[in-house]
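Note sheet for the following structure.
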Amino acid sequence: MVILKLPQEIEKMRVANQIVARILKELEGHVKPGVTTGELDRLAEKLANKEGARAAFKGYMGYPYSLCTSVNSEVVHGMPSERALNEGDILSLDFGVSYRGFFGDAAVTVAVGEISQKARRLMEVTKSSLSEGIAKAKAGNRLGDISAAVQSEVEQAGFSVVRDFVGHGIGRSMHEDPQIPNYGVKGRGIELKEGMVFAIEPMVNEDGYKVRILADGWTVVTEDGKLSAHFEHTVAITANGPEILSLLK
Ligand code: MF3
Ligand code: CO
C-alpha cells in the first residue's frame with residue numbers, strides 16, 4: 001500500500017531532507033586522501049544530533065553505523081572503518097535522518113582527489129540517470145516510467161544497473177511501498193499520484209550488474225570487482241511535478 005502525503009506532511013519531509021542535504025554537503029567537504037570512513041561516520045552522527053535529528057540507519061536491522069560509505073567496487077551499505085581513503089577512490093556517502101516523525105534519505109558519490117576518466121564518467125552517468133528518473137516522477141505517469149528512464153540512461157552509456165537493490169517509498173518509515181527498481185518497462189506498474197514520496201537511488205556498475213554481499217553481512221560489492229556508483233534523492237510528486245526534497249536549498 002502506497003501512503004500518500006498531505007502538503008503539510010511533505011513540508012515536514014522537506015525539513016528532514018534538508019538536514020540530510022546539509023550534512024552530506026558538509027561530509028563531502030571532508031573527503032580527501034588520508035581521511036577514514038569512520039571519521040566521516042562519527043561526523044555525520046554528530047551533525048545530525050546537532051540539528052536535533054536522529055541518524056536513521058543506526059540500529060536499522062542491526063546496522064551499527066550512522067552512514068554508509070561504499071568505496072570503489074562497493075555498491076551500497078559499505079561499513080565505515082578506520083581504513084583511510086586513497087587518492088583516486090570513488091566514495092558513495094549514503095545518509096538518512098528521522099526528524100519530527102519523518103525520514104529523509106539521500107546519497108552522493110564523490111571523488112577522492114584526482115580520479116580516472118572512467119570513474120568520472122561512471123559518476124556522471126549515475127547522477128544523470130537519477131535526474132532522468134526524477135523527471136518521470138509526475139502524477140499520471142507509471143512507476144515503470146521512472147525505472148525505464150534510469151535504465152536507458154545507464155545502458156546507453158555502456159554501464160549496467162544493479163538489480164538486487166532498489167529505491168523505495170519513504171515517509172514516517174524509512175522504507176515504504178513501492179519498491180522502485182532501476183530497470184523496468186515504460187507504461188507498466190502503479191500509476192503515480194500527487195502525494196507520493198520516493199527515494200530513487202540508482203546503483204550503477206561499470207561492467208556486469210551482478211553483486212554479492214561480503215561476510216560482514218552488509219557490504220554489497222560488484223561480483224567482477226569493477227567500480228560502482230550510487231546517487232539518491234528523496235522526491236515528492238506534487239501538483240507542480242517532481243520536487244527534490246533532498247536537493248540543498
Ligand atoms: N539508502 C539506503 C536505503 O534506503 C540505506 C539503508 S542502510 C541501512 O536502503 F543500514 F539503514 F540499512
Ligand atoms: Co534509500
Side-chain angles (χ1 to χ4, degrees), residues 2-3 5 13-14 16-21 23-25 27-28 37-38 40-42 44-45 48 53-71 74-81 91-99 102-110 126-127 129-131 133-134 137 143 146-147 150 161-183 196-205 211-221 228-237 242 244-247:
V2 180
I3 301 167
K5 281 86 187 175
M13 294 195 71
R14 199 177 280 126
N17 278 283
Q18 284 300 302
I19 293 173
V20 172
I23 293 174
L24 279 175
K25 186 82 201 164
L27 294 174
E28 266 185 57
T37 51
L40 297 172
D41 175 67
R42 292 185 287 275
E45 182 169 16
R54 186 178 68 79
F57 300 169
K58 197 163 206 172
Y60 181 83
M61 312 244 304
Y63 185 73
Y65 299 101
S66 297
L67 184 67
C68 294
T69 52
S70 306
V71 181
E74 296 173 357
V75 177
V76 280
H77 304 166
M79 305 243 260
S81 74
L91 167 68
S92 151
L93 297 170
D94 187 351
F95 189 59
V97 301
S98 80
Y99 183 73
F102 285 91
F103 284 81
D105 188 5
V108 290
T109 300
V110 297
T126 307
K127 191 171 183 179
S129 76
L130 174 56
S131 302
I134 290 170
L143 188 61
I146 297 177
S147 306
V150 172
V161 293
V162 170
R163 269 63 167 169
D164 293 357
F165 295 85
V166 296
H168 49 95
I170 180 169
R172 291 185 186 273
S173 304
M174 186 163 66
H175 293 140
E176 294 182 357
D177 285 344
Q179 292 197 4
I180 307 172
N182 296 299
Y183 58 95
M196 290 182 177
V197 183
F198 294 161
I200 306 174
E201 49 179 321
M203 290 143 269
V204 175
N205 292 356
V211 300
R212 63 189 176 87
I213 300 175
L214 296 186
D216 62 23
W218 282 100
T219 313
V220 179
V221 297
S228 187
H230 176 215
F231 282 85
E232 177 177 25
H233 270 309
T234 295
V235 180
I237 298 177
I244 307 176
L245 302 179
S246 54
L247 188 68

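Read the numbers this way: they start at 1 and go in the same order the structure lists the ligands and their atoms.
- Shown in contact with Y60 at under 4.0 Å from a heavy atom are these atoms of ligand 1, numbered in order with element: 8 (C), 11 (F), 12 (F).
- T69 places a side-chain heavy atom less than 4.5 Å from the side chain of L93.
- Residues meeting the ring pair (Phe, Tyr, Trp, His ring centres under 6.0 Å) test with H233, sequence neighbours left out: none.
- Scanning the protein heavy atoms around atom 9 (O) of ligand 1, the nearest turns out to be H175 NE2, 2.8 Å.
- Below the 2.8 Å limit, the Co ion (ligand 2) has as protein N, O or S neighbours D105 OD2, H168 NE2, E201 OE2, E232 OE2.
- V220 is not listed as a side-chain neighbour of M203, based on a closest heavy-atom distance of 4.5 Å or more.
- Interface of C68 with ligand 1, defined as ligand atoms under 4.0 Å from a residue heavy atom, comprises 7 (S).
- Residue-level proximity to ligand 1 for F165 is absent, since no heavy atom of it falls below 4.0 angstrom.
- A distance of 8.5 Å separates OG1 of T37 from OH of Y65, quoted to the nearest 0.5 Å.
- Proximity of M174 to ligand 1 is established by a heavy-atom distance of less than 4.0 Å.
- Listed by number with element, the atoms of ligand 1 under 4.0 Å from a non-hydrogen atom of H77 are 6 (C), 7 (S).
- The neighbour count for R163 CZ, taken as heavy atoms of other residues, nucleotides or ligands under 6.0 Å away, is above 12.
- When heavy-atom distances to ligand 1 are checked against a 4.0 Å cut-off, V76 has no atom that comes that close, whether in backbone or side chain.
- Taking all atoms of both residues into account, the shortest heavy-atom contact from V204 to S129 is CG2-OG, 4.4 Å.
- Here the side chains of E176 and I170 are not in contact, with every heavy-atom distance at 4.5 Å or above.
- If you number the atoms of ligand 1 from 1 as listed, the ones under 4.0 Å from a heavy atom of E232 come out as 1 (N), 4 (O).
- F57 and G96 make their closest contact through CZ-N, 3.4 Å (heavy atoms, listed as atom of the first residue, atom of the second, distance).
- Taking any N or O of H230, backbone or side chain, none lies under 3.5 Å from an N or O belonging to ligand 1.
- If you number the atoms of ligand 1 from 1 as listed, the ones under 4.0 Å from a heavy atom of H168 come out as 3 (C), 4 (O).
- Looking at Y63 against ligand 1, only its side chain comes within 4.0 Å, counting heavy atoms.
- Using a 4.5 Å cut-off on side-chain heavy atoms (C-beta onward), E74 and H230 make no contact.
- By the 4.5 Å heavy-atom criterion applied to side chains, L143 and F198 are counted as neighbours.
- Remark: distances from the non-hydrogen atoms of M61 to ligand 1 are all 4.0 Å or more.
- Not a single heavy atom of Y65 sits under 4.0 Å from any atom of ligand 1.
- Using a 4.5 Å heavy-atom threshold, the side chains of F231 and E201 count as separate.
- Side chains of L91 and V110 form a contact here, defined as non-hydrogen atoms less than 4.5 Å apart.
- L24 has its side chain within reach of V20: a pair of non-hydrogen atoms, C-beta onward, lies under 4.5 Å apart.
- Polar contact with ligand 1: present for E201 (N/O pair, distance under 3.5 Å).
- Of all protein heavy atoms, the one lying nearest to atom 2 (C) of ligand 1 is D94 OD2, 3.2 Å.
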